[in-house]
Protein chains: 2
Amino acid sequence: MAKSKDPSEPGSGEQRRLQMVDIARLAGVSVSTVSRALNGSELVNAETRQRVAELARSLNYSINFGARNLRLQENKTIAVVVPYDASSRQHISDPFFLSIVGAIADALTDRGYDMLLSRVDADRLDSAAHWVDSGKAIGVVLIGQWRQHDQLNDMAARKLPLVVWGGEMPQQLYASVGGDNVLGGSLATRHLLQLGRRRIAFFGDAKLPEVWLRRQGYAQALREAGLQVDPALELAAPFEPGVATDIVRSFCAARRDFDAVFCCSDVLALLTSQALRATGRSVPGEVAVVGYDDMPLAAYCDPPLTTVHQPVGEAGEALVEALLGQLSGERPGPRTMPVCLKLRASAPAAA
Amino acid sequence: MAKSKDPSEPGSGEQRRLQMVDIARLAGVSVSTVSRALNGSELVNAETRQRVAELARSLNYSINFGARNLRLQENKTIAVVVPYDASSRQHISDPFFLSIVGAIADALTDRGYDMLLSRVDADRLDSAAHWVDSGKAIGVVLIGQWRQHDQLNDMAARKLPLVVWGGEMPQQLYASVGGDNVLGGSLATRHLLQLGRRRIAFFGDAKLPEVWLRRQGYAQALREAGLQVDPALELAAPFEPGVATDIVRSFCAARRDFDAVFCCSDVLALLTSQALRATGRSVPGEVAVVGYDDMPLAAYCDPPLTTVHQPVGEAGEALVEALLGQLSGERPGPRTMPVCLKLRASAPAAA
DNA sequence: ATGAAAGCGCTAACAT
DNA sequence: ATGTTAGCGCTTTCAT
């Protein structure tokens with residue numbers, strides 16, 4: 001049993017954290033009264049309430065949330081989990097994911113929740129459940145569904161409070177919030193077609209749900225224009241710049257039979273512009289490039305990126321709302337948010 | 001008092017979270033034994049230990065950390081706090097800060113600590129103390145000291161476990177970890193001088209300690225070359241791209257009497273390249289540009305940025321080590337880490 | 001309007 | 001080797 005340290009014991013230099021019992025003693029009331037006063041209960045005399053509150057403030061007292069939560073069986077902590085690619089040992093790094101994290105942080109703070117941030121192996125998204133199982137958090141926001149649609153469905157089946165940033169897939173049991181990827185893909189592709197481009201490459205790993213959906217939009221826009229999808233112009237480039245660089249470079253070095261590229265992230269678009277120029281082609285002159293995400297730096301690249309804008313701030317709000325909704329009993333469901341095309345120099349407005 | 005819900009009560013559909021008492025009942029032992037078994041105590045019979053552990057695993061039990069922490073007076077959560085500029089309402093956004101957060105997340109995870117991420121008004125860095133006061137975290141890592149050197153000293157005086165990413169300042173009571181800013185400033189400037197540039201502008205807000213130190217390195221390198229600092233070539237550009245853009249643009253539009261710029265962040269360097277080209281100057285031909293941080297995207301910009309590389313991974317480790325050191329009684333102190341110059345096209349190696 | 005006491009889920013000292 | 005019990009700091013029922 002813990003030694004009960006006598007607080008009046010002289011020479012005990014170590015300063016114990018202030019707690020209610022201390023306030024109570026100093027105010028000459030009981031702990032219950034302090035608790036009530038600090039929680040603004042009507043049951044306690046206004047004058048006493050005032051006095052206790054004052055005292056607590058002046059002593060810089062702040063409540064022990066661990067104890068409070070245990071007693072109230074309550075917790076206002078949400079786990080936000082950013083997957084990383086274990087094989088390539090790539091870190092949280094895509095600027096877009098990080099923007100989303102910022103937006104979620106804001107949305108949570110506004111609602112009085114705390115955010116526990118962690119990273120998880122993208123192959124084991126289900127390990128994110130431990131945050132809830134251990135009581136450290138009451139729900140999970142996962143940034144990206146990666147290849148683990150099934151794991152996510154399992155988690156949802158287990159009633160884990162969960163929201164995923166990502167695309168809406170058929171037979172999806174978990175709640176998701178994402179941009180309208182099909183629309184994004186077709187907006188980007190239609191714009192390139194309007195510029196008169198006919199040989200439009202697609203860069204992105206279609207094993208990822210979001211990319212798969214963007215590819216649908218891409219294919220649809222081509223069909224509308226009476227064109228065929230040419231599989232030779234599809235490159236399964238991943239999001240991690242380290243891995244993607246080589247893939248993009250060798251593609252650009254090997255083929256010259258395309259006049260535009262639709263990239264599934266701005267980072268990819270940047271790599272692509274660079275690779276194209278390294279092989280002597282101009283952007284957008286010979287090859288127009290469209291990115292995806294509209295990351296904070298997209299407007300400051302050279303050339304500034306034409307890109308599909310994702311509504312980051314609203315996304316943060318929507319993710320948090322969806323999660324809190326579940327926690328108050330709503331049924332999880334997918335949500336798709338509008339996206340729009342930001343025209344910049346890498347694929348400028350049609351002349 | 002909480003109603004004691006009889007667990008054997010029939011028809012109670014609501015599933016309560018599994019706890020030790022449940023395992024104990026099913027295993028036919030007492031809670032203490034379960035506790036001991038799960039903590040691998042030698043006091044419990046090996047066979048029993050095995051059986052209990054098995055049972056817990058198969059039932060997917062996980063311990064309630066809130067209760068455990070309350071009992072053990074222990075907590076393994078660290079608050080990581082990213083300041084934001086309240087006046088401009090700018091968010092966490094500088095890629096470099098975000099990289100550091102990622103590195104800290106890794107370092108904490110490796111050591112079994114959790115990370116609470118939050119944002120704070122850069123004018124009120126001291127409000128970060130509430131994480132510790134409330135017991136939600138046992139220490140604070142602050143990303144950047146901004147203009148609040150004094151607040152930080154106050155926090156340290158209050159014995160708040162705290163580490164700050166930033167520059168080492170005179171009369172500093174708090175622990176800090178940072179790159180060698182003076183070295184960084186002089187490496188960058190010397191390189192530009194070697195390229196034959198003589199009119200080197202300095203972009204950065206010298207009210208921030210880190211920038212102030214970089215400026216010292218800059219000034220020192222100029223003096224070594226027998227040159228004077230020209231105050232007209234100093235621009236107090238902030239880190240927030242939104243605010244900085246206009247400032248940088250009007251400076252570049254107004255003056256043409258410089259042939260190089262040393263920027264205190266890569267984002268600033270990007271803005272500067274863009275502004276220069278908008279006024280018809282080539283980079284690095286007419287004006288060479290050096291950035292700072294070596295953010296993940298620096299190599300993929302156009303032109304790729306020559307920049308002062310900060311050791312992000314090591315920085316994360318060092319910040320965490322410094323904080324944990326304080327928690328085990330070490331005296332806080334500053335730590336400065338080496339930096340180096342990464343040569344790329346925006347200020348290429350001398351011919 | 002206030003205080004005494006029980007208990008949130010866990011650990012550990014003390015018994016056996 | 002295992003069980004009993006007290007208590008971590010708080011809230012709340014119950015009694016006054």
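Each chain gets a letter, A, B and so on, in the order the sequences are listed, and its residues count up from 1.
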Participant: List the residues meeting salt bridge (Lys or Arg N to Asp or Glu O under 4.0 Å) with Glu330(A), not counting sequence neighbours, and say none if there are none.
Facilitator: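 With sequence neighbours excluded, Glu330(A) shows a salt bridge (Lys or Arg N to Asp or Glu O under 4.0 Å) to no residue whatsoever.
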Participant: What is the nucleic acid contact for Ser32(A), judged by heavy atoms within less than 4.0 Å: base, sugar-phosphate only, or nothing?
Facilitator: base
Participant: May I ask you to say what Leu72(B) touches in the nucleic acid, namely base, sugar-phosphate or nothing, with a heavy-atom cut-off under 4.0 Å?
Facilitator: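 Sugar-phosphate contact only - Leu72(B) comes under 4.0 Å of backbone atoms but never of a base.
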Participant: For dC10(D), take OP1 and OP2 only and decide whether either is under 4.0 Å from a side-chain N or O of Tyr61(A).
Facilitator: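 Yes, Tyr61(A) has a side-chain N/O under 4.0 Å of OP1/OP2 on dC10(D).
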Participant: How long is the line joining CD of Gln19(A) and C1' of dC8(D), in whole Å?
Facilitator: 9 Å
Participant: For Thr77(B) and Asn75(B), does a side-chain donor sit closer than 3.5 Å to a side-chain acceptor?
Facilitator: yes
Participant: Can Lys76(B) and Asp114(B) be counted as an ion pair, charged N to O under 4.0 angstrom?
Facilitator: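 The answer is no: the pair does not qualify as a salt bridge.
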Participant: Separation of Lys136(B) atom NZ from dG9(D) atom P, in whole Å?
Facilitator: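 Between P of dG9(D) and NZ of Lys136(B): 18 Å.
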Participant: By nearest heavy atom, map Glu47(B) and Ala67(B) onto DNA chain D; which one lands nearer the 5' end?
Facilitator: Glu47(B)
Participant: Of all the nucleotides listed (dT2(C), dG7(C), dT11(C)), which has the minimum atom distance to the side chain of Ile63(B)?
Facilitator: dT11(C)
Participant: Can you tell me how far P of dC8(C) sits from CZ of Arg17(B), to the nearest Å?
Facilitator: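 It is 14 Å, rounded to the nearest whole Å.
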Participant: For the side chain of Arg71(B), counting heavy atoms from C-beta on, which of dA1(C), dA12(C), dG9(D) is nearest?
Facilitator: dA12(C)
Participant: Under 4.0 angstrom, heavy atoms only, what part of the nucleic acid is Thr33(B) near: base, sugar-phosphate, or nothing?
Facilitator: sugar-phosphate
Participant: Mind checking Asn69(A) for me? I need base, sugar-phosphate or nothing, with any heavy atom below 4.0 Å counting as a touch.
Facilitator: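 The residue Asn69(A) makes no contact with any strand.
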Participant: Would you kindly give the NZ-to-C1' distance between Lys76(A) and dC10(D), to the nearest whole Å?
Facilitator: 17 Å
Participant: Among the candidates dT11(D), dG3(C), dG9(C), find the nucleotide nearest to the side-chain atoms of Asn64(B).
Facilitator: dG9(C)
Participant: Looking at dT11(D), I'd like to know if its phosphate oxygens (OP1 or OP2) sit under 4.0 Å from a side-chain N or O belonging to Gln73(A).
Facilitator: no
Participant: What nucleotide, of dT2(C), dG9(C), dC10(C), holds the atom closest to the side chain of Leu70(A)?
Facilitator: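 Nearest to the side chain of Leu70(A) among the choices is dG9(C).
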Participant: Round to a whole Å and report the spacing from CZ of Phe65(B) to C1' of dT11(C).
Facilitator: 14 Å
Participant: Between Arg68(A) and Glu74(A), is there a side-chain N and carboxylate O pair less than 4.0 Å apart?
Facilitator: yes
Participant: Round to a whole Å and report the spacing from CG of Asn39(A) to P of dA1(C).
Facilitator: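 After rounding, the gap between these two atoms is 17 Å.
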Participant: Rounded to the nearest angstrom, tell me the gap between atom CZ in Arg36(B) and atom P in dG9(C).
Facilitator: 20 Å
Participant: In this structure, how many angstroms lie between the C1' atom of dG9(D) and the CD atom of Glu74(A), rounded?
Facilitator: 15 Å
Participant: Would you call Glu317(B) and Arg111(B) a salt bridge, taking side-chain N to carboxylate O under 4.0 Å as the test?
Facilitator: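 Yes, this pair counts.
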